[in-house]
Amino acid sequence: MHSFSTTTTDTTKTQNETSEKISAEQNDQTHIDSGSNLIKKPGGYMEAEGDINGNTLPADGVPRWGPQHAGAQQLAGMYSDTKRLQETIATYTAAIIGAITAALILSNVRYQFLPYMLIGFVLAGLVADFFSGLVHWAADSWGSVDLPIIGKGLLRPFREHHIDPTSITRHDFIETSGDLCAVAVPLFTIISYCQIQYTDLSIFGLAPPSVEEQTHREYGTSFFLFVLAILVVCTNEIHKWSHTYFGLPKWIEFLQWAHLVVPKKQHRLHHISPHDTHFCITTGWLNYPLHWIGFWPKLEYVITAITGVEPRTDDLKWASKVTIR
Ligand SMILES: [Zn+2]
Ligand SMILES: [Zn+2]
């Protein structure tokens with residue numbers, strides 16, 4: 001009988017250890033009801049993740065996706081030490097400059113800025129969500145793992161994620177978010193550059209700010225960029241939460257319930273083969289509107305018309321690699 005807890009040699013963090021431990025404790029009461037594609041749990045039934053239309057669970061109850069998938073194992077093996085080093089440097093750089101930026105943003109906040117901060121927050125939620133969808137769509141739909149540099153560096157985790165969706169919950173922050181930290185570093189740098197001229201640094205023996213008081217719009221713009229950078233850094237953590245079914249802290253479940261981050265149910269729609277909709281993985285605010293206007297198929301139609309290339313051919317190739325056990 002297939003078990004939902006997994007044995008892994010990957011680096012794991014406390015949250016994932018907790019979630020897997022709870023999962024393991026419930027294992028004796030959890031099983032896949034073969035033929036109905038539902039997982040029986042103590043509290044009732046839950047659909048197998050990524051199997052809403054039953055296209056991955058054969059009658060014997062052993063899913064074709066997961067850590068035992070041959071393609072997933074091959075893709076996981078392509079994670080190199082060089083890539084890890086690059087992600088580690090990006091993560092620590094973003095942490096340092098992000099902390100400095102947060103201090104500058106906090107020291108310059110005034111209650112009069114509140115309406116602009118609110119606008120900045122909503123805009124950042126929309127912009128971050130759109131770009132999460134655009135990058136996700138581009139990486140899922142085009143290119144191949146065999147491409148130089150970006151193949152293994154950027155596209156590999158996207159291919160792995162479709163055939164082993166819960167592998168993300170066994171990866172640590174550096175592996176899931178190192179690349180996103182690299183994107184946030186220039187954003188933090190710009191915000192710090194803008195805000196430092198309004199910051200009183202006299203405690204360090206420097207002259208007080210000589211420029212005039214900052215305008216609402218200037219602070220609002222910096223605040224928008226700050227929330228955007230934070231959401232960019234957190235995008236894959238949020239994505240990880242949408243695949244974590246056990247042991248999530250209550251405050252994260254609240255954020256999902258309030259749609260401040262993409263809810264589990266919504267992201268599961270993306271994991272229905274052939275993975276052609278609901279690409280946004282930050283706030284999820286744009287998933288329904290973009291699906292409703294047919295944004296992704298229209299974009300794909302244009303690209304196919306120009307290049308003659310069909311979307312997701314590489315994704316389908318990896319999905320069809322046979323299961324080994
Ligand atoms: Zn995807
Ligand atoms: Zn996912």
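Counting starts at 1 for both ligands and their atoms, in listed order.
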message = Show, in sequence, the C-alpha distance, side-chain angles and deciding distance for D179 and K83, and conclude whether the salt bridge (charged side-chain N to carboxylate O under 4.0 Å, His left out) test is met.
response = CA-CA 10 Å; D179 286 341; K83 175 74 179 149; 2.8 Å; yes

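Side chain of T304 to backbone of Y301: no donor-acceptor contact under 3.5 angstrom is found. Between the side chain of N287 and the main chain of C280, a donor-acceptor pair closer than 3.5 Å is present. A side-chain donor-acceptor contact under 3.5 Å links R159 to the backbone of A139. Side chain of D140 to backbone of H275: no donor-acceptor contact under 3.5 angstrom is found.
Tested against H270 for a ring pair (Phe, Tyr, Trp, His ring centres under 6.0 Å), the candidates H161, H278, H239, H136 yield a single pass: H136.
For the residue pair Y219/Q195, the side-chain donor-acceptor check at 3.5 Å is not satisfied.
Taking backbone and side-chain atoms together, H136 has an N/O/S atom less than 2.8 Å away from the Zn ion (ligand 1). Within the 2.8 Å limit, D140 places at least one N, O or S atom next to the Zn ion (ligand 1).
Ordered by chain and number, H161 NE2, H239 NE2, H243 NE2, H267 NE2, H271 NE2 make up the set of protein N, O or S atoms under 2.8 Å of the Zn ion (ligand 2).
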